[in-house]
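Chain letters run A, B, ... following the sequence lines, proteins first, then strands; residues in each count from 1. Nothing here was measured: the structure is a model prediction, and the numbers come from that model.
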Number of protein chains: 2
Amino acid sequence: MKANQQKNNEKLSECPFQEAMDLISGKWTMTVINTLMAGKLRFKELERAIEGINTRMLVKTLKELESRKIVNRKAYATVPPTVEYTLTKKGMTLQPVIKEIQNWAINNLQMTLSQ
Amino acid sequence: MKANQQKNNEKLSECPFQEAMDLISGKWTMTVINTLMAGKLRFKELERAIEGINTRMLVKTLKELESRKIVNRKAYATVPPTVEYTLTKKGMTLQPVIKEIQNWAINNLQMTLSQ
DNA sequence: CGGGATCCGTCCTGATACTG
DNA sequence: CAGTATCAGGACGGATCCCG
């Protein structure tokens, strides 16, 4: 997720696990992917769906995911502009990972929820 | 992983998934946990086992994980000192998550490995 | 050995303002 | 609507020095 990973890629890619974590560990990455699991969404829809994210981070996260072939971007020359984001096939393969994290969160974090 | 999460916990904990990602997404967090899956390790052993980490980040990560009850710390009053780190039961429950990430990494990232 | 404390530079993050 | 530009603050990362 970090911008300087392009420079460090040679080192990081020694280990697939590290590289995966590197991709996954962006603050909003998995949330965006998770939100897109439901299907095609426009930029503003994503922004509204993801609590707490702001424009800049959503743009950044989407660009990163696009460059990694996790997310697909389709722009239509309408006025106002329409841009739709979907998961690629590669992106869809992350579903089991997300499920596992969600499971873990539900089983091991719920008691720490205040209130 | 971030230090300011204690302040933000009320907001973050609205969503268990976000909270999980928050915990997981530390740069070294999952690597440390993964390394400890093999069993008990001393500080220097961990530092040597994890390529690229430095003392400060290992200390930080371990403290964070200790406070979250993921990692257990046992210190022995020997000379020189001996400190052993193990996963707690809660920490062990992350194994399926790590497995899933590893699986995904192997199946979807290996072709991006240079060389 | 197992850290703690500090300095210091870089990069990431978030909020705000602005544009086609 | 879908972004871009900018700026301040905090997190990260490495090096160094210190202690019991």
Side-chain angles (χ1 to χ4, degrees), chain A residues 1-9 11-12 18 21-32 35-36 40-67 71-86, chain B residues 1-9 11-12 18 21-32 35-36 40-67 71-86:
Chain A
M1 183 55 193
K2 274 79 175 183
N4 66 335
Q5 272 153 15
Q6 261 58 32
K7 309 180 221 157
N8 297 339
N9 257 349
K11 294 176 185 179
L12 286 171
Q18 279 286 350
M21 282 313 302
D22 194 48
L23 164 59
I24 282 174
S25 69
K27 180 169 182 180
W28 300 104
T29 309
M30 291 303 261
T31 307
V32 168
T35 307
L36 282 175
K40 174 190 314 184
L41 284 176
R42 298 176 62 177
F43 187 87
K44 274 295 173 197
E45 290 175 330
L46 269 171
E47 197 170 8
R48 265 181 259 116
I50 300 172
E51 193 109 7
I53 202 168
N54 63 15
T55 306
R56 204 178 63 88
M57 291 315 294
L58 182 53
V59 170
K60 249 189 114 179
T61 306
L62 285 170
K63 278 190 179 169
E64 172 74 15
L65 289 174
E66 206 189 335
S67 80
V71 158
N72 219 309
R73 193 189 112 114
K74 276 183 200 164
Y76 302 92
T78 56
V79 179
T82 303
V83 180
E84 289 173 347
Y85 292 91
T86 51
Chain B
M1 184 50 195
K2 274 78 174 184
N4 65 334
Q5 272 153 13
Q6 261 57 33
K7 311 179 219 157
N8 298 338
N9 258 350
K11 294 177 184 179
L12 286 171
Q18 280 286 348
M21 283 312 301
D22 193 49
L23 164 59
I24 281 174
S25 69
K27 179 168 182 182
W28 300 104
T29 310
M30 290 302 261
T31 306
V32 168
T35 307
L36 283 176
K40 173 190 314 183
L41 284 176
R42 299 176 61 176
F43 186 87
K44 277 293 174 197
E45 290 175 330
L46 268 171
E47 196 171 9
R48 266 180 259 118
I50 300 174
E51 193 108 7
I53 203 169
N54 64 15
T55 306
R56 206 174 59 90
M57 292 316 293
L58 182 53
V59 170
K60 250 187 114 177
T61 306
L62 285 171
K63 278 192 179 168
E64 172 74 16
L65 289 174
E66 205 188 335
S67 81
V71 157
N72 219 311
R73 192 190 113 112
K74 276 185 201 164
Y76 300 92
T78 57
V79 178
T82 303
V83 181
E84 290 173 346
Y85 293 92
T86 52

Starting at NZ of A/Lys27, measure out to CD of B/Gln18 and round the result to the nearest 0.5 Å.
-> 8.0 Å
Can you check each nucleotide of nucleotides 2-7 of chain D against protein heavy atoms at under 4.0 Å and return B for base, S for sugar-phosphate only, - for none, in 5' to 3' order?
-> SBB-B-
Using a cut-off of less than 4.0 Å, is there contact between a side-chain N or O of A/Trp28 and OP1 or OP2 of C/dG14?
-> yes
When rounded to the nearest 0.5 angstrom, what is the spacing between CG in A/Leu41 and CD1 in A/Ile50?
-> 8.5 Å
For A/Leu58 and C/dT13, give me the distance from atom CG to atom P, rounded to whole Å.
-> 13 Å
Would you say B/Asn54 reaches D/dG14's phosphate, i.e. side-chain N/O to OP1/OP2 under 4.0 Å?
-> yes
Rounding to a whole Å, what distance do you find between B/Ile50:CD1 and C/dG2:C1'?
-> 15 Å
Of A/Pro80 and B/Ile53, the one whose nearest nucleotide on DNA chain D sits closer to the 5' end is A/Pro80
At under 4.0 Å, does any side-chain N or O of A/Lys27 touch on OP1 or OP2 of C/dG14?
-> yes
How close or far is atom C1' of C/dG3 from atom CZ of B/Arg48, stated in whole angstroms?
-> 15 Å
Rounded distance (Å) that lies between atom P of D/dA11 and atom CE of A/Met57 = 14 Å
Which residues pass the salt bridge (charged side-chain N to carboxylate O under 4.0 Å, His left out) test with A/Glu84, sequence neighbours left out?
-> A/Lys40
Between CD1 on residue A/Ile53 and OG1 on residue A/Thr31, distance to nearest 0.5 Å = 7.5 Å
Sequence neighbours excluded - salt bridge (charged side-chain N to carboxylate O under 4.0 Å, His left out) pairs with any residue from residues 72-83 of chain B = none
What distance separates A/Glu47 CD from A/Glu45 CD, expressed to the nearest 0.5 Å?
-> 11.5 Å
